[in-house]
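Okay, so here's the structure we're looking at.
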Protein chains: 2
Amino acid sequence: MTRRPKPPSARKPALDREEAAFLQRYDASAFPHPSVAVDVALLTADERGLRALVLRRDDHPHRGRWALPGTFVGMDEALDTAAMRALDQKGGLRGVFLEQLYTFGAPRRDPRTRVITVAYYALVDAATLDAALPASGGILAYLDVPWEGETGGPVSASGADRKNLRLAFDHQHILGAVVKRLRGKLDYSPIGYELLPERFTLRDLQRVHETILGRPLNKDSFRRRMLATGELESTGEREQDVRYRPAELYRVKNV
Amino acid sequence: MTRRPKPPSARKPALDREEAAFLQRYDASAFPHPSVAVDVALLTADERGLRALVLRRDDHPHRGRWALPGTFVGMDEALDTAAMRALDQKGGLRGVFLEQLYTFGAPRRDPRTRVITVAYYALVDAATLDAALPASGGILAYLDVPWEGETGGPVSASGADRKNLRLAFDHQHILGAVVKRLRGKLDYSPIGYELLPERFTLRDLQRVHETILGRPLNKDSFRRRMLATGELESTGEREQDVRYRPAELYRVKNV
DNA sequence: TTGCATATATGTATATCGCATCTAATATGG
DNA sequence: CCATATTAGATGCGATATACATATATGCAA
């Protein structure tokens with residue numbers, strides 16, 4: 001169908017010209033504004049539990065502490081784009097699951113000046129992250145996920161030696177919010193597969209869900225529930241090089 | 001128990017002094033930053049459905065369109081505080097249910113300059129809002145909530161004459177996100193009571209839930225489910241001045 | 001071949017949900 | 001005063017989903 005363009009005068013009433021003039025005069029720097037950043041909690045799962053990428057800060061503030069990958073938001077950059085950029089530049093990863101989490105803006109959360117951070121979380125399988133890890137210069141911290149109960153509060157992180165890592169800013173709270181969000185998502189989605197390779201066993205998926213929820217799940221119910229979502233399908237293949245009976249490998253439909 | 005203060009030298013290592021010096025030199029205005037605002041979707045429910053407070057914009061940009069109450073975030077103001085302030089100054093309401101929703105930051109969502117808005121939503125009963133409405137200068141717009149399906153997209157608003165209202169900025173998308181959030185919350189919480197007076201009937205609560213979900217609910221299942229949450233209790237009183245059998249009035253426990 | 005660890009199937013009790021039916025309370029109209 | 005309309009609330013039952021237990025099947029190693 002062909003659109004018949006109306007004369008500009010009909011589509012540009014007086015108000016628009018007035019508004020355009022207003023915009024010309026507008027001075028964005030007339031009063032001070034908080035700065036805006038994004039921080040990304042990049043999670044993966046292995047047999048030892050949930051892990052998150054943290055980077056040692058070389059600069060002030062909080063030099064020497066561990067921080068989630070983040071960056072300031074560019075003047076013409078979408079929030080999602082900034083989060084992807086932080087993930088790419090500081091974690092060396094692209095194309096992974098990424099979703100906005102919550103915006104943290106306590107006035108003194110950054111000692112420099114007022115910085116509001118839009119927190120994101122990203123999920124990736126362990127093999128992909130392991131491959132990208134050396135270039136990032138960061139480490140994977142274990143998340144000490146509390147069993148049961150609420151996790152709106154902070155979640156601490158530990159290094160390979162199980163010693164507690166001091167996180168910068170309010171990043172402990174961001175990790176706590178991620179765990180809480182994931183727990184909510186599990187109720188209606190097998191989201192755990194984002195933390196696994198393309199092909200995985202139902203047992204692997206159950207372990208991921210158990211780690212996130214912090215409690216054991218019934219094997220049969222879990223299997224039925226996952227298959228009932230209709231989001232998974234069998235590949236027909238089986239595990240290789242396992243000591244006992246190899247389990248069937250599944251993948252996510254419609255990818 | 002008495003705390004024995006350690007000498008300052010033990011608690012203030014060299015790194016902290018170095019960091020303090022860094023903070024002195026830090027210039028927050030070294031590069032341009034987006035502005036940060038909050039917008040609040042203030043919802044209530046009556047027999048005709050969900051309604052939201054919208055205010056006619058007297059100034060540019062989008063002069064003449066309808067907008068959610070909002071404000072820029074002060075330099076030393078928490079996000080929640082800014083949202084409460086917007087609700088108080090532009091809606092005349094305090095102490096209502098308020099929760100952060102999502103942060104919208106598309107680069108061109110505000111024609112003035114880059115403005116990132118942290119969207120909140122607030123829930124209040126119709127009587128309270130009706131009392132505060134005249135002073136606000138705004139109107140209550142009906143939300144045209146789609147039946148079933150996803151509502152991540154925009155939700156349009158209509159005036160008393162059922163004519164579509166042109167909303168400013170991306171406020172249609174904010175309303176869509178509110179509906180989506182509420183639908184998710186209903187699965188595990190009788191959150192609808194926030195939209196009702198202190199004492200309400202189960203039938204009222206069901207109507208609110210049906211409006212939000214956009215589909216009818218089974219009366220008995222709803223009643224059983226609500227009472228099973230343990231969050232409601234009977235007041236022992238009944239409705240007044242109704243035409244047929246008066247229903248029992250309930251309230252939320254632990255308030 | 002045997003035993004082990006896991007996958008997969010079957011069975012059962014319990015909880016939940018939807019639907020139908022029944023009773024209760026109130027106003028209205030004769 | 002009484003029948004009736006209408007809504008509130010309770011009860012019962014079948015279908016479904018879930019947790020838990022048990023049984024069978026599979027593949028590998030010793």
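Nothing here was measured: the structure is a model prediction, and the numbers come from that model.
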Check: Does any N or O donor sit under 3.5 Å from an N or O acceptor when you compare the side chain of B/R203 with the base of D/dA8?
Finding: no
Check: Between A/L249 (CG) and C/dT6 (C1'), how many Å, whole number?
Finding: 14 Å
Next item on the list: Find the distance B/R245:CZ to D/dA8:C1' and express it as a whole number of Å.
Entry: 4 Å
Checklist line | Short side-chain N/O contact from A/R238 to OP1 or OP2 of D/dG27, under 4.0 Å | finding: yes
Check: Rounded to the nearest Å, what distance is computed from the CG atom of residue B/L202 to the C1' atom of nucleotide D/dT7?
Finding: 14 Å
Check: Starting at CD of B/E239 and ending at C1' of C/dA25, how long is that distance when rounded to a whole Å?
Finding: 12 Å
Note to self: Taking the basic N atoms (NZ, or NE/NH1/NH2) and the acidic carboxylate oxygens, is any pair closer than 4.0 Å for B/E233 and B/R251?
What the structure shows: yes
Checklist line | Salt-bridge criterion met for A/K185 and A/E99 (N-O under 4.0 Å) | finding: yes
Next item on the list: Would you mind reading off the distance between B/E237 atom CD and D/dA8 atom P, rounded to a whole angstrom?
Entry: 18 Å
Check: When the ring planes of A/F200 and A/Y193 are compared, do they come out parallel, tilted or perpendicular, using 30° and 60° as the limits?
Finding: parallel
Note to self: Please check this pair: side chain of A/R183 against backbone of A/I212, looking for a donor-acceptor N/O pair closer than 3.5 Å.
What the structure shows: yes
Check: Whole Å only: how far is the CG atom of A/L227 from the C1' atom of C/dT8?
Finding: 11 Å
Margin query: I want to check one thing: is the phosphate of C/dA27, taken as OP1 and OP2, less than 4.0 Å away from some side-chain N or O of B/R243?
Written below: no
Next item on the list: Rounded to the nearest angstrom, tell me the gap between atom CG in A/L205 and atom C1' in C/dT8.
Entry: 17 Å
Checklist line | For atom CZ of A/F200 and atom P of C/dA7, their distance in whole Å | finding: 14 Å
Margin query: Any residue in residues 218-226 of chain A with a heavy atom nearer than 4.0 angstrom to DNA chain D? Just list them by number, or reply none.
Written below: A/N218, A/D220, A/S221, A/R224, A/R225
